[in-house]
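Heads up: the structure comes next, in structure tokens.
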Amino acid sequence: MIRDARVLQPEFVPGDIVHRTQEVRALSNALEPVTRGQTGETALLHGPSGSGKTCIARFATDRLRETVLDLTTQYVNCWEDYSRFKTLYRVLEGVDRTLNIHRQSTPKDELLERLREYDGPPYVVILDEVDQLEDTRVLYELYRTRGLTMVLIANREDALFGPLDDRVASRLRAATRIGFDCYTVDELVGILEPRVERGLREGAVTSAQLAMIADAAAGDARVGIEVLRVAARRASNQQLDSVSDDAIRNAVPEANAEIRQRNVEMLTADQRIVYEIIADREEVTPSELYAAYRERADDPKTNRTVRNYLQKMERYNLIRADGENRGRSYSSVL
DNA sequence: CCTCCACTGGAAGATCGGGAAG
DNA sequence: CTTCCCGATCTTCCAGTGGAGG
């Protein structure tokens, strides 16, 4: 039943963008100087998750590479590489300058040195989830790199500006800003349709079912694609040649559980204890939580460290923190 | 109104761990 | 082998916040 699983992967970039033509054009304009060997304008793509920011950034840079012979591009996910070191490392990796850097290879900041020395062809770097950077100095350092053009992606524009250095903030205000809105149900169907055509056997999913998926995804293309993928895989495992309505309904919580499971696996043993305490109960106050943690953990970490864990888990969308200060309580997401 | 205090999260410094140099 | 280095992680300290209860 599955013909081409690749098009059901979340990171698949379609060869042709059905919606978002306006946004593609705006981004291409910002990058246009690159075609003349110059540095492009910094672009800032912002909007809710699953609204096509990453996809459009990749699409535009891929297309740019088709027209510009001598061009390097790199994608960096700042959520995964949130420290300054890791981000710089990835950027250098894109131009093969990481040889022999394993951590402490001589001077204090070898990475920055190498970046300064960069003298190659135009280089376009996509920084996804850029609001997750813990040290925004790296943005300034990238701004100062010759021939480097940045495409920044953030969920919320204002969350990015908050902790910024003045020098970076002023440059960022001059950036080309491109806003993205949630997809409508029709648009989502339009995104899923070509994937079904290429990825699945004919008639495996009806258009009414696509509308069901689109509706459940609430404007988030990533969720929609994940639901489609889970439902198709399930049907395929059962040797069916089409997807039932029930399979789709079941796939919605399963797709969410899968995302959550992946995040839980990234936690350390101590973090997982904290997560499980929260998951076990409806709602828990900070002091109850820490007391329970101390009881279960051998060699427990300090209260402050547990608070860092909680922040991290909140960012991973594993838990929710309600209220402020004294009124704070933690609960697990679904 | 004021005081108390549970809670948050920033800053700075200590510690851990792994790779390289001596 | 030991020593040094450095990023990541953890602790210590603390200022700020706002609800509870005089």
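Residue numbers begin at 1 in each chain, while the letters A, B, ... track the order of the sequences.
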Item to complete: May I ask you to say whether A:Arg6 pairs ionically with A:Asp4, meaning some side-chain N is under 4.0 Å from a carboxylate O?
Response: yes

Discussion item. Counting only heavy atoms from other residues, nucleotides and ligands, does the tally under 6.0 Å from CZ of A:Arg234 exceed 12?
Written reply: no

Fill in: Given A:Thr73, A:Ile178, A:Leu31, A:Val125, the one that forms side chain to side chain contact (heavy atoms under 4.5 Å, CB included) with A:Val151
A:Leu31

Discussion item. Can you see if the side chain of A:Tyr82 gets near the phosphate of C:dG7 - specifically, an N or O under 4.0 Å from OP1 or OP2?
Written reply: no

Discussion item. Can you measure A:Tyr89 atom OH to C:dG7 atom P for me and round it to whole angstrom units?
Written reply: 13 Å

Discussion item. Membership question, hydrophobic clusters at under 4.5 Å side-chain separation (ILVMFWY): are A:Ile259 and A:Ile248 in the same one?
Written reply: no

Discussion item. Applying a 3.5 angstrom cut-off to the pairing atoms, does DNA chain C sit in any stems of at least three consecutive Watson-Crick or G-U pairs? List them by first number.
Written reply: B:1-22 with C:1-22

Fill in: CA sep, side-chain torsions, deciding dist, call: A:Gln74, A:Ile126, side chain to side chain contact (heavy atoms under 4.5 Å, CB included)
CA-CA 6 Å; A:Gln74 173 74 326; A:Ile126 300 171; over 6 Å; no

Worksheet item: Salt-bridged, A:Arg296 to A:Asp280, with N to O below 4.0 Å?
Response: yes

Worksheet item: Under 4.0 Å between a Lys/Arg side-chain N and an Asp/Glu carboxylate O for A:Arg90 and A:Glu93?
Response: yes

Worksheet item: Does NZ or CZ of A:Lys86 come closer than 6.0 Å to the centre of the six-membered ring of A:Tyr82, within 45° of the ring's axis?
Response: yes

Item to complete: Mind running a 4.0 Å heavy-atom check of residues 303-329 of chain A against DNA chain C and sending the residues that fall below it, in number order?
Response: A:Arg304, A:Thr305, A:Tyr309, A:Asn325, A:Arg326

Fill in: Distance in angstrom units between A:Glu110 CD and B:dA21 C1', rounded
15 Å

Worksheet item: Is it true that A:Arg272 and A:Asp270 make a salt bridge, defined as a side-chain N closer than 4.0 Å to a carboxylate O?
Response: no

Worksheet item: For A:Phe85 and C:dT9, what is the distance between atoms CZ and P respectively, to the nearest whole Å?
Response: 13 Å

Practice prompt. May I ask you to say whether A:Glu141 pairs ionically with A:Arg116, meaning some side-chain N is under 4.0 Å from a carboxylate O?
Written response: no

Worksheet entry | Length of the line joining A:Glu134:CD and B:dG10:C1', which is rounded to integer Å | 13 Å

Worksheet item: Within 45° of the ring axis of A:Tyr75 and under 6.0 Å from its six-membered ring centre, is that where the NZ or CZ of A:Arg58 lies?
Response: yes

Response to the item:
Between CG of A:Asp81 and P of C:dG7 the distance, given in whole Å, is 15 Å

Practice prompt. Strictly below 4.0 Å, heavy-atom distances to any atom of DNA chain C: list the hits from residues 282-302 of chain A, or just say none.
Written response: A:Lys301, A:Thr302

Worksheet item: To the nearest Å, how far apart are A:Asp135 CG and C:dT9 C1'?
Response: 16 Å

